[in-house]
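For ligands, and for the atoms within them, numbers begin at 1 and follow the listed sequence.
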Amino acid sequence: MITYLVKPGELVLKGGNKKMFEAVLRRNLALRLKGSGAVITTARGRWYVTAPDDMLEKTEFALSRLLGISGWARARVCAKESGALFNACAEEARGLAARGVKTFKVEARRTDKSFPLDSYQICCEAGDAVTGAFPSLSVDVKNPESVIQVEIRERAFVYAVANKGLMGLPVGSAGRGLVLLSGGIDSPVAAYLMARRGMRVEAVYFHAYPYTSDEARKKVVSLAGIAGAYTMGIRLHTVGFTPVQLRIKEKAPSPWTTVLLRMAMMECSELLARREKIKCLITGESLSQVASQTVENIAAIESRLSLPVLRPLIGMDKDDIITMARTIGTYDTSILPYEDCCVIFSPSHPVLRATVEEANRLYESLDASALITEALNGAAVDKCGFA
Ligand code: ATP
Ligand code: MG
């Protein structure tokens with residue numbers, strides 16, 4: 001069996017809500033580990049996961065994507081007896097020496113005060129045991145390359161590699177949002193950021209077959225799968241939007257097509273959100289990134305809505321968004337070269353400063369509501385990234 005120590009994150013600060021957050025976090029972890037034979041236990045603010053050896057990959061995949069924890073580590077478990085403890089330290093040190101690490105220190109915590117050595121003595125004696133076994137390693141208490149952690153609790157735990165958790169809040173602790181998911185770089189990051197604040201997300205993708213290929217749709221399904229590993233799964237609604245786009249192309253002045261298409265997507269998304277009892281919309285918009293993302297156009301695009309629209313990327317630089325997309329693993333899929341419906345229908349000189357009045361006058365002249373409802377009724381649902 002392999003054992004992991006898991007540290008819950010910010011939720012420990014949430015006072016009265018602490019119990020609720022912990023229950024949600026625990027349920028999420030259990031769901032991600034379902035069927036693996038892993039067991040979660042808690043004792044004094046610490047969580048332990050014990051999993052069968054062949055479930056290492058699955059367990060680490062889950063822990064590295066679990067929102068709401070501040071850290072996790074795979075630990076050696078040994079008897080509370082100094083010989084066994086120092087051996088375990090030396091075994092951890094073997095890995096460090098093999099990686100070319102030169103300096104280390106031992107840090108010890110002792111919850112069980114009946115253990116005969118105090119923390120300071122544990123550090124000194126374990127340090128000696130390690131340098132005795134691996135002379136290439138030396139102790140540096142001020143600025144070590146690695147730290148061997150020793151915890152004396154119900155049993156003794158030793159680990160040298162501590163992984164940072166993703167922090168944030170457990171998914172399912174902050175309501176539900178509907179993300180407008182395109183195949184681009186931004187919207188998967190937007191979904192992740194809202195999930196990191198505890199929001200459960202569903203997604204809607206507007207497909208313009210045959211102007212956009214089935215590959216473009218599959219790309220969005222893969223993106224939802226990658227993001228879904230963090231968000232506890234994503235239900236992806238794919239809406240065939242070709243008739244609406246053709247109506248816009250036929251009836252609207254070309255510079256207005258992008259703004260009007262966004263308005264139509266928003267109207268459809270709001271209908272879907274109401275049907276699914278979802279309380280807000282989420283987009284990957286970022287101020288001034290493209291022509292449709294001026295503050296005037298954003299005002300026009302949301303002018304017919306009553307649900308709030310959350311735009312977690314609105315003030316972020318593209319570079320920072322890309323860095324985050326790489327970190328969560330969506331970037332390489334996002335840049336696959338399948339065309340985006342909006343690119344095909346986009347005008348060469350889009351309106352940059354739409355007025356709400358003009359946008360609404362043109363939008364109403366499209367008379368697209370019936371087309372939008374029909375498109376929504378034909379939507380398909382994929383379950384992406386569930387454990
Ligand atoms: P992204 O990288 O997320 O595609 P973008 O920089 O390409 O964003 P736009 O194309 O202007 O920006 O889209 C703005 C937002 O509108 C997107 O982040 C997304 O939330 C939504 N959106 C655009 N196209 C679609 C689509 N086909 N289906 C669903 N949502 C879409
Ligand atoms: Mg896009």
Side-chain angles (χ1 to χ4, degrees), residues 177-194 201-209 211-221 223-224 226-227 234-242 244-245 248 257-273 280-295 297-298 300-302 305 307 309-322 324-326 328 330-347 350-352 354 372 375-376 379-380 382:
L178 178 65
V179 62
L180 281 77
L181 191 67
S182 68
I185 296 167
D186 303 324
S187 39
V189 175
Y192 169 74
L193 285 176
M194 293 322 302
V201 293
E202 294 210 7
V204 56
Y205 164 59
F206 296 97
H207 191 39
Y209 189 79
Y211 300 96
T212 48
S213 61
D214 198 49
E215 262 64 50
R217 186 192 64 80
K218 287 189 185 132
K219 171 175 151 177
V220 178
V221 172
L223 286 171
I226 300 167
I234 292 182
R235 285 178 73 220
L236 170 67
H237 305 261
T238 298
V239 178
F241 227 43
T242 311
V244 178
Q245 297 204 203
I248 294 171
T257 49
T258 309
V259 168
L260 295 172
L261 174 59
R262 289 285 180 278
M263 291 171 79
M265 286 181 181
M266 287 292 191
E267 179 178 341
C268 189
S269 301
E270 185 164 81
L271 289 171
L272 174 59
C280 67
L281 306 180
I282 302 164
T283 74
E285 288 160 306
S286 169
L287 194 63
S288 306
Q289 196 191 89
V290 293
S292 61
Q293 296 171 10
T294 63
V295 80
N297 287 3
I298 287 174
I301 289 166
E302 70 177 19
L305 299 176
L307 287 182
V309 182
L310 306 184
R311 300 179 175 86
L313 310 185
I314 197 72
M316 279 174 76
D317 284 351
K318 191 77 188 187
D319 282 356
D320 296 332
I321 300 170
I322 288 176
M324 190 159 277
R326 285 189 199 278
I328 64 173
T330 50
Y331 182 77
D332 290 339
T333 304
S334 286
I335 59 171
L336 292 174
Y338 305 119
E339 66 302 332
D340 174 334
C341 60
C342 317
V343 172
I344 295 167
F345 286 88
S346 50
V351 172
L352 296 179
I372 289 174
L376 180 59
D382 288 285

Can you tell whether the side chains of R262 and E285 come within less than 4.0 Å, N to carboxylate O? no
Short list, please: which atoms of ligand 1 are under 4.0 Å from a heavy atom of G184? 1 (P), 2 (O), 4 (O)
Tell me the nearest of M265, R262, H237 to atom 10 (O) of ligand 1, using heavy-atom distances. R262
Going by the closest heavy atom to atom 12 (O) of ligand 1, which one wins out of E285, Q289, Q293? Q293
Per-atom filter on ligand 1: closer than 4.0 angstrom to a heavy atom of V204 are 29 (C)
Does the N or O separation between L180 and ligand 1 drop below 3.5 Å for any pair? yes
Worked verdict on E202 versus L272 for side chain to side chain contact (heavy atoms under 4.5 Å, CB included): CA-CA 10 Å; E202 294 210 7; L272 174 59; over 6 Å; no
Would you mind reporting whether C268 and V239 have side-chain heavy atoms less than 4.5 Å apart? yes
Sub-4.0 Å atoms of ligand 1 with respect to non-hydrogen atoms of T283: 20 (O)
Testing V351, I248, V244 for side chain to side chain contact (heavy atoms under 4.5 Å, CB included) with L260, which one passes? I248
Under 4.0 Å from any heavy atom of D186, which atoms of ligand 1 are there? 1 (P), 2 (O), 3 (O), 5 (P), 6 (O), 8 (O)
Proximal atoms of ligand 1 relative to I185 (non-hydrogen, under 4.0 Å): 2 (O)
Side-chain contact test, heavy atoms from C-beta onward, threshold under 4.5 Å: evaluate it for T283 versus L281 and give yes or no. no
Would a 4.5 Å heavy-atom cut-off, applied to side chains only, mark K219 and T333 as touching? yes
A student checking ligand 1 against L181 at a 4.0 Å heavy-atom cut-off should list atoms 28 (N), 29 (C), 30 (N)
Heteroatom proximity flag, F206 to ligand 1, N/O under 3.5 Å: yes
Indicate yes or no: at least one non-hydrogen side-chain atom of R311 is less than 4.5 angstrom from one of Q293. no
